[in-house]
Structure formats: structure tokens, C-alpha cells
J.: 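Quick one: the structure is below, questions incoming.
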Amino acid sequence: MENNNGKKILDKATELRIKLGEELHDSVMESIYAEAATIAGNSVDYMGNKKNYNFDRLVDKIVTSRYLGFPIMFLLLALVFWLTIIGANVPSQMIASVLVDIIHPALRTLFIDIGIPSWITGLFIDGAYLAGAWVVSVMLPPMAIFFPLFTFLEDLGYLPRVAFNMDNLFRKAGAHGKQALTMSMGFGCNAAGVVAARVIDSPRERLIAIITNNFSLCNGRWPTQILIATIFIGGAVPPYMAGIATAGAVVGIAVLGILLSLIVSWVLSNTVLKGEASAFTLELPPYRPPKILQTLYTSLIDRTLFVLWRAVVFAVPAGMVIWLVANVTVNNIAIGAYIINWADPIALFFGLNGVIFLAYIIAIPANEIVIPTILMLTVMTANIAGVGSGNGVMFEADSVKSTAEILRAGGWTLLTGINLMLFSLIHNPCSTTIYTIYKETKSLKWAAFSTFMPIIMGLTITFFTTQIYRLLF
Amino acid sequence: MNSVNKCETCPAHIQSNLVKLGIDMSDSDFVVALAGNPNTGKSTVFNNLTGLRQHTGNWPGKTVSRAEGGFSYNNKKFKIVDLPGTYSLLSTSTDEEVARDFILFGQPDVTVIVVDATRLERNLNLVLQILELTDRAVLCVNLIDEAKRHNITIDERNLSRQLGIPVVLAAARQRVGIDELLKMIYEVASGEYICKPKKIKGINNSGIESAINELSEMLKMEYPNLPNLRWVALRLLEGDQRIIDAVKNKELGVLEREDDLQENVDKL
């Protein structure tokens, strides 16, 4: 059926539109605004008092000021990290002492006593169980501190101010101002940050936000950053400076991530994803006192347990793989050792080592298990006597000090530490994030690009760091 | 004409549009849309009405996709849809289109408009635009506790009289006003309360009224039962591409004509 009448109506509309002139839209808007003003004027009484607004405005003037905005942002970031670092230590050790020191040997004894073959005990107790236990004890306490703090800042209304501060930088990089928000989400979890990029309307800018989200140091990576910084950066300065130097190094890595996401955004928007940055309205909401209990509930249930569960699900099979590469032998040498020996010369070129390479391949499902994998593989190859719990058994070193001893015995130096911190920031996203990128972009090409681009960048940066370091020292 | 009208107003017909918009209509009597400016607490109101725990946050644009939930009141089942927050329904961002299409084509039984009590004047711009689209709305003036702290008082009766819809003062975070809101949603949905919404007048353009009337007449001939003729006419005069397309591909007609429905049935 022809839609003749529809066409007639449209023709008439066009005719009338031309007659009415171009200012029609403005007149309509004006009349709406005038109407709104009249109605509000009739039914709202401000009692001649607008003082309270001035407080919000005063705070905004400070936290979004040109000179103080960024220092305040970095200080808050450092404070959140510092609280997380010092707060998580004790509960982490307590959980580990129960799950790893008490339950693990008990399970082992039980399995051996009822006559289960040793390879099954190895695969499930030393591999799967221990990986899960490690992830819970290392991740749960910092997340239970970090996420509520982050949600607190969010509920308070600070996040839009961050976006406001960053907006200009992102626009100059050809990206959307809201990328500042998705980037902040990425500090919690990159997969969540990738999903959050839905708030950006333009497909081009959304893609940039998705690809660069990996440069937000995610929750799974900062335990690595904190541990390595404590050992190698904190260890390189006098003891009274160690705490500040460590927190400073971690913030430094986080800030480097922000810089990289700006630089990569700029490069992308000037090459493959060309286009103008689109404008958007960002209303700075009033500061609202957060409801503490609700903040705790949503951040603990919705974020902490959600992320933790995901990590455990991925860590358990990874733990089995780790046990296998360390225990399946060819000519009496574990296959893990073969791979490490083969990768070592190449890795040394980048100031890393074969253990780190293999650890990053095994740990693709979850960044959280990188450090335990590295420790286990290092013990296996360096033949350190008296530590660990046997071949291929992931373990938590009793203290930072003994972790340091293991790594140093494995040939680690300050350079290895720095490069591991850099590579931990700049490498492929975890498999959950890669899959999320694929789901959000519906493109294998962009998912692959988001995976390999950071690896190439990371290797390039560690290579040059290594060359410069060797020139200097 | 009369026989056509009967079919169009039958609930099954309206429901078919909602199903097309992705709403599972099995098992609910009324559909409620939740609209409003960004960051006015729509998600908090949504959580309070449904008992769900959608994550809320103090930043604009938090609700990225449409959230749905349900509740029952007076033995009637309500389906509630949390629309993305928007500043207007006029420009072209995806959010605004989602919200507008839902109210225009979905024809929810009630649209709850959540506004920030401390920013009422600015929020009313959106309210007036929504009232052009639908006749069945409830205004929820949220964050009334914050307004109190700022020494702002709001005369809800006066506001209700001027807008022609029920007005409820609420502080959703403290669950203040939620019961009253539920009651008003029910009254509007069931037809106990008949809204007489304010329509935009006094546009400063000499020819506008006659142009709107002329076009409305033509639209009325084609779509005799369209509830928001004036608004569609105005959008066409302003050259709104989405509405022009809706006329072209007969999307407006789907709301109206039984032969279109028959076509859909034939396809099955």
C-alpha cells in the first residue's frame, strides 16, 4: 500500500516550515524555558537564602581549579592506594594462614591417607585449590578496602569533577570527555570500564575509550605493583623513605597509565579513528553525603564478591595448568623449565626473564595470579632449597622479605622489578576483558587489536628502559 | 470510524507495541516509564519501587541501558522501565531518542517524571516536553530533603494545579514519599485521576498556531487516534528527522491502523 497521505503531510510540513522561518526551533525552546521559569517562580520559595550553594561552589572552585585540581586528584588517588596497602596486609596474612597454612596441608594429608593417587592430589589440591586460596587471600582484603573507598568518592560526587578536570585533555586527544569516567571505572576492573563505555554515544569515541581502558591499572594488577615496588623500589631507598617511595612508585605507574591512554587516544584519533571530538553536557551534581551502609553493601556485594568470584573461576584451571607445566616432565625436566630456558635469552633483551614470560601466558585469565605463578616457577628453575611446598605448588611466601630472597636468588635486579611493573601496566588485557571487548564491539579485529597493541607497546617500552638503564648503571 | 477506534484502544493492541520495544508484557497490568534529568535519583526511585538493587551512583549518565522491574499495588501488577536520564527530548543523542521513542511509541500507562527539587526550574523544561508527549504522568519531586537543607520550599499543590498532573514530594534515599507515589501511579493508571497536562503555548512566532492547526488536521485525518497530534505537528514543522521517518515508514500508523496489525499477523 502506498503511503500517499504520509507524503502529503510531509510535503505540507516542509512548505509550512519554510514559511515559518529558521528561528522556529529557538522560539519553541524560548517558550518552554519561559513557561518553566513562570511555573517554578510560582511554586518554589528560596526564602532569599542561597548560602548553601555557595559551599558546593567553593569546594568545586578548589577541586576543579586549574592549579589545584590535578594535585588534589593525585593526592586522593595516593591516599586511596596507601589506605589499601596498609589496611590489607594483616587480613591478607590471616586469611592465608587459614586457607594455605592450615587447610591445605590438612587436605593433602586427607587425600594421601585415603589413598588417592599422587597426581590427582597434585592437580586438584596443589594446583586448583591452592590457586583459588591464593586469589582469595591476596585479592579479597584489598578489594574490600579499595571498592568501598572508590564507591564512597563516587557517591560523594567527586567522579564528575575528575571528568571535568580531565575533559580538556581528552578533548585535545580527540576523545570524548566521558572517557575520564570509563577510565576511572577501569581502575576497579577493565571489563567493567569497557562496559561503562556505553555512556559514550559516538561509535568512534566509544571504540577509543574501549581500546585504551586497559591502561587503567586494574584491581588485579596493583597487588603486583605494590609487592614489586615494596621489594625493589622500597628496598633501594633508606628504610624511612620506603613507604613513601613505594606508594609514589605505584601512583607513578597509575599516572603513566593515564598518560598512555591519552597518547594512544590521540594517535588513534589522528590515524585509524579520525574525527572531531563531540561535545557533551556534564552537570556537576551537588555533593551528597554518602550513605555508609548502602555504600558498603553495594561495593562489597556487587563489586568485590563479583570480581572475586570471577577471579577464582579463572584461577582454578590456571592453577592446574601451573601444576602440570611444573610436573609433566620430558627426560626428567619439567616442560615449564624447557619453555623458560628457551624464552630466557629473548626475555633478557627486554630486561625481563623467561619466568615472567611464561607466567604472563599462563595468567592470561587473571592478572591476580601472576605473582604466585612467578614465585612458583622461579623456585622450580632456580633450585632453591628449603622454600616452597614442592614442585609446581603455588605458595605464598611467608613475608615480603622471603619473597624478595626468592626473586633475588632467581636473578632479579632493580631493573627486572621496574620492567615487571611497566609490563604489568602495559600488556594484553585479561581474557575476561578481551571477551568483553569482543562482545561490546562485535568485532574480532578490534578485540585482537586491543590485545596485541599493548603487548607490542609494553615490549618496546621495556626494551628502551633496559637499554637506558644499562647505559646509566 | 468507531469500529477502528475500538481496536486501537484495546489493551492487546498497545501491548504489541511494547513487546516490540522489548518489554515482556506477560503477567503485568500496567506499564510505568521512569523519566527525568540525569542524576535526579531515578535509579533510587526505581529501586525503592521494585525492591531491586540496581547500582546507583552520583554521576550523570550512570544508567546506560534500560532497566526493568516490577511491583504490585492494589492487586494490580505494574511493570516499570527506568529510562536513561536526559536534559531534553528535542536533540539527537541516543539517550534522548531511547527515552522519547519509549514514551511516544510505547505509550506507557503512566510516566513518572523524577525531578531534582533543588533544580526545579531547569528540570521543568523536560517535564513540559514530556507532557507534550503523554497525558498520563506523575511528577516526583525528589531530593526534597536536600531542598530543605538549602531552605527551599516547594508548593506541591500549586505546582500540581499548574502542570495538571499529580505531584509527589519525595526523598527516595530515605523512602520518603514512595507510598504516596505508588498511590498516585495507581490512580493515574486506573483512570481515577484524570490528568489535564499543561501544553506549550505562546510560541513567539506569528504563523505558528495556524500552521500547527493546519498540520494537526491533516494528521488527524490520517491518524485519528494519535494522542499527541500537536506535538507531532510541531516536530514536523521543526524538521525532526526521526518523526519524519516515522511518518514515512508508517511507524506512527502502527499505533493507529488495524490493517497494519493484520499485516503483521499475516507475516507470522
Side-chain angles (χ1 to χ4, degrees), chain A residues 1 3 5-10 12-14 16-17 19-21 23-25 27-37 39-47 49-50 52-53 151 154-157 159-160 163 178 181 195-196 198-199 201 281-283 285-286 288 290-291 297-298 301-302, chain B residues 37-39 53 55-62 64-65 87 90 93-95 118 120-122 124-125 127-129 146 149-156 158-159 162-163 173 198 200-205 207-208 211 214-215 218-219 221-222 233-234 236-239 244 247-248 250 253 259:
Chain A
M1 193 187 69
N3 191 8
N5 292 334
K7 194 174 175 311
K8 250 186 255 165
I9 291 172
L10 290 179
K12 187 72 186 170
T14 316
L16 287 167
R17 192 185 314 138
K19 218 195 293 177
L20 289 170
E23 281 97 53
L24 179 64
H25 180 74
S27 327
V28 173
M29 288 313 289
E30 270 166 30
S31 72
I32 292 176
Y33 275 76
E35 197 90 65
I39 296 174
N42 283 337
S43 34
V44 182
D45 184 357
Y46 292 94
M47 312 228 215
N49 185 349
K50 292 198 168 184
N52 284 310
Y53 280 121
T151 314
E154 185 184 335
D155 287 351
L156 194 66
L159 278 194
K178 281 188 196 162
L181 292 173
V195 174
R198 287 182 191 168
V199 297
D201 291 331
T281 332
L282 179 73
E283 191 175 14
R288 289 179 182 147
K291 293 179 80 179
Y297 179 87
T298 46
I301 302 299
D302 292 356
Chain B
N37 281 37
N39 207 36
R53 288 183 204 276
H55 178 66
T56 57
N58 188 10
W59 48 286
K62 195 231 90 229
V64 270
S65 50
Y87 293 101
L90 297 168
S93 87
T94 324
D95 286 352
T118 64
L120 191 63
E121 181 180 330
R122 201 173 345 141
L124 279 176
N125 295 319
V127 176
L128 290 170
Q129 291 171 34
E146 235 169 74
R149 265 210 315 283
H150 292 299
N151 277 328
I152 299 169
T153 49
I154 287 165
D155 180 351
E156 78 261 38
N158 192 2
L159 196 56
Q162 292 191 72
L163 291 171
R173 288 190 346 151
K198 177 100 188 164
I200 300 166
K201 283 194 207 88
I203 299 168
N204 187 18
N205 187 311
I208 185 76
E214 199 174 336
L215 209 54
M218 291 180 76
L219 283 164
M221 301 267 279
E222 184 72 2
L234 189 58
L236 286 176
L237 287 173
E238 284 191 45
I244 291 175
V247 174
K248 253 186 214 155
K250 296 190 278 183
D259 46 36

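Naming: A, B, ... by sequence-line order, numbering from 1 per chain. Both backbone and side-chain heavy atoms feed into the values below; hydrogens, waters and symmetry mates do not.
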J.: Heavy-atom distances under 4.5 Å only: say whether B:Glu146 touches chain A with side chain, backbone, both or neither.
T.: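 Side chain of B:Glu146 only, per the 4.5 Å heavy-atom cut-off to chain A.
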J.: Which region of A:Leu10, side chain (C-beta onward) or backbone (N, CA, C, O), has a non-hydrogen atom less than 4.5 Å from a non-hydrogen atom of chain B, or is it both or neither?
T.: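 The answer is the side chain of A:Leu10.
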J.: Kindly indicate whether the side chain of A:Glu35, heavy atoms from C-beta on, has any atom under 4.5 Å from the side chain of B:Gln162.
T.: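 A:Glu35 does not reach B:Gln162 side chain to side chain.
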J.: Is there a donor-acceptor pair under 3.5 Å between the side chain of B:Asn158 and the backbone N or O of A:Asn42?
T.: yes
J.: Would you check if B:Leu128 and B:Leu163 make a side-chain contact, meaning some heavy-atom pair closer than 4.5 Å?
T.: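 SC-SC contact between B:Leu128 and B:Leu163 confirmed.
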J.: Using a 4.5 angstrom heavy-atom cutoff, name the option from B:Val127, B:Leu159, B:Leu234 with the most pairs to chain A.
T.: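 The candidate making the most pairs under 4.5 Å is B:Leu159.
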J.: Can you sort out the partners of B:Ala211 under side-chain contact (heavy atoms from CB on, under 4.5 Å), two or more places apart, ordered by chain and number?
T.: A:Leu16, A:Leu20, B:Leu237
